[in-house]
Amino acid sequence: MSDTDTRLRLLTLNCWGLKYVSKHRKERVAAIADFLAASDYDVITLQELWVFADFEYVRAAVAKRLPYAKFFYSGALGAGLVIFSRFPILAATIHAYSLNGSPIDVVAGDWFVGKAAASILFAHPVLGQVQVYNTHLFAKGGDEGAEYQKAHRLVNAWEFAKLARQSAELGRYVIAAGDFNSVPTSLPMSIIRDHAGLTDAWAVTHPNTPDPSPSNPPSPRDAIHIHGVTADSPLNSYSAGKPLEPLARKYQGKRLDYVFFRQPSSPPASARTPVLRPVDTRVVLTERVPGSEFSFSDHFGLEATFEIVAPHGGDVADSSNVHVPAPAPFTREPSYVLSSQANPEPAPQIRDISPDAITQTLASLTARYRYAQAQGRNQLMVFVVCVALLLAVIIGSAWFPRSWINPIFMVVTIALAWLATTMLYIGFVYGNWEVNALTNIIEELELYRSMLEEQPRGRGTRSP
């Protein structure tokens, strides 16, 4: 076993690689590929790498160190999610979030790209099965907008938390990275941390970080190194001079990109299960592309380094010291199979998501539910008006026999027919789709809140 098997290094980066829209895309992708090829990462998760040719370019650059890769598909334009791995990939899957904005919101585009949670399961020589998630949550709404605008991202967060939690319950180590489009103190991040039992690697390696004063914000450089700012930084060529929300002005940008981790649930994990421990996290790719005046992306990258240790200071390479709850095929001797022995030392308890947090989430989801119903009614009303106007145009055309006016009637008819069809689809098909999806999540959260409230005091915890 080599030293590299007891250390795990990961990078996550939003590449901003939308074809025809993202500035300097080809030059930046080439520079990102050069950086990754010279690095020693074991796992890389990329977001917004939508163009398959760009994926192939990066894959060729990193193939020597990271021979395993997966490009994920979702929505009409692709998920933009990619994972590279040094370790063999056992399985890969993608979960498209049930709500991703509206098809009529073409500018935002979230619905068309199909925001999702992608994951690979890889075989690690020490940890056994490790599930790595790569995600990009719904963007629109911000952290300070109206409640109904936050609903879709909250749905994303709840669905993502359930996936990560289920992976840990199967005895797997979980690493979750990506662009979560949420600041650390926001409700979506609370859901992900609390319900999934995920730990923020940056928070572990940067404890007791002082909260900046609004009257004395940190320098942009300090904001990166101390607060982990990855987006909307004045030092990024694509966000310099951009109008910022009050929270972003306070921190000289936003921390939107994360690396989370957690151990397997106990059981099946035991007191002899190896421990995944973050020892360093850094914001990278903060400089300009060499020889250019633009940044690598509109986000900075985030790297995290983990060490793998035996739980009580023993040798993690000694099979008598460790118990791997989910062994990976062909990476371990038969002695590493799941033990039926009870845990000698139960793991420390972690609080689940609080009923108050669920209540706040329900408030946003309910506001969105009412908004969606009202919006659907308005769109269907536009459909009815368009149909009435079409009938008026058809009847009225009989009273204007002059040939020069026929092209005008034709253009008006086509425009009204297109608008009527669009409003029928958006108001009825998508409107009911969104309302039904919100109903499912609302009822699910209400049931879960009732379960938490009915638990006796002291039992509202679960093991990690």
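Values in this document were obtained by computation on a predicted structure and should not be read as measured data.
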**Q** Assess whether a salt bridge exists between D298 and K23, defined as any Lys/Arg side-chain N lying under 4.0 Å from an Asp/Glu carboxylate O.
**A**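 Salt bridge flag = no for K23 with D298.
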**Q** Find the distance between OG (S39) and CD (E303) and round it off to the nearest 0.5 Å.
**A** 9.0 Å
**Q** Can you tell me if Y173 and S167 form a side-chain donor-acceptor pair at under 3.5 Å?
**A**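 No donor-acceptor contact under 3.5 Å links the two side chains.
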**Q** Salt bridge or not between D54 and K26? Use side-chain N to carboxylate O under 4.0 Å.
**A** no
**Q** Taking atom CE of M381 as the centre, report whether more than 12 heavy atoms of other residues, nucleotides or ligands fall under 6.0 Å from it.
**A** no
**Q** Look at the rings of F55 and F52 and say which category their plane angle falls in: under 30° parallel, 30 to 60° tilted, over 60° perpendicular.
**A**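 Tilted: the ring planes of F55 and F52 meet at 30° to 60°.
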**Q** Taking the six-membered ring for Trp, is the centroid-to-centroid distance between F71 and Y73 below 6.0 Å?
**A**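 Judged by ring-centre distance (under 6.0 Å), F71 and Y73 do meet the cut-off.
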**Q** Quick check with a 6.0 Å cut-off and a 45 degree axis cone: is K254 positioned over the face of Y251's six-membered ring?
**A**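 No, a cation-pi geometry is absent between K254 and Y251.
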**Q** So do P188 and W158 actually touch side chain to side chain, heavy atoms under 4.5 Å?
**A**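 The answer is no; the side chains never approach within 4.5 Å.
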**Q** Would you indicate whether the side-chain heavy atoms of F428 and F383 approach each other to under 4.5 Å?
**A**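 A side-chain contact under 4.5 Å is absent here.
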**Q** What I want to find out is whether E245 reaches R249 closely enough, with some N-O distance under 4.0 Å, to be called a salt bridge.
**A** no
**Q** Ring centroid separation for H195 and Y448, is it under 6.0 angstrom?
**A**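 Between H195 and Y448, the centre distance is under 6.0 Å.
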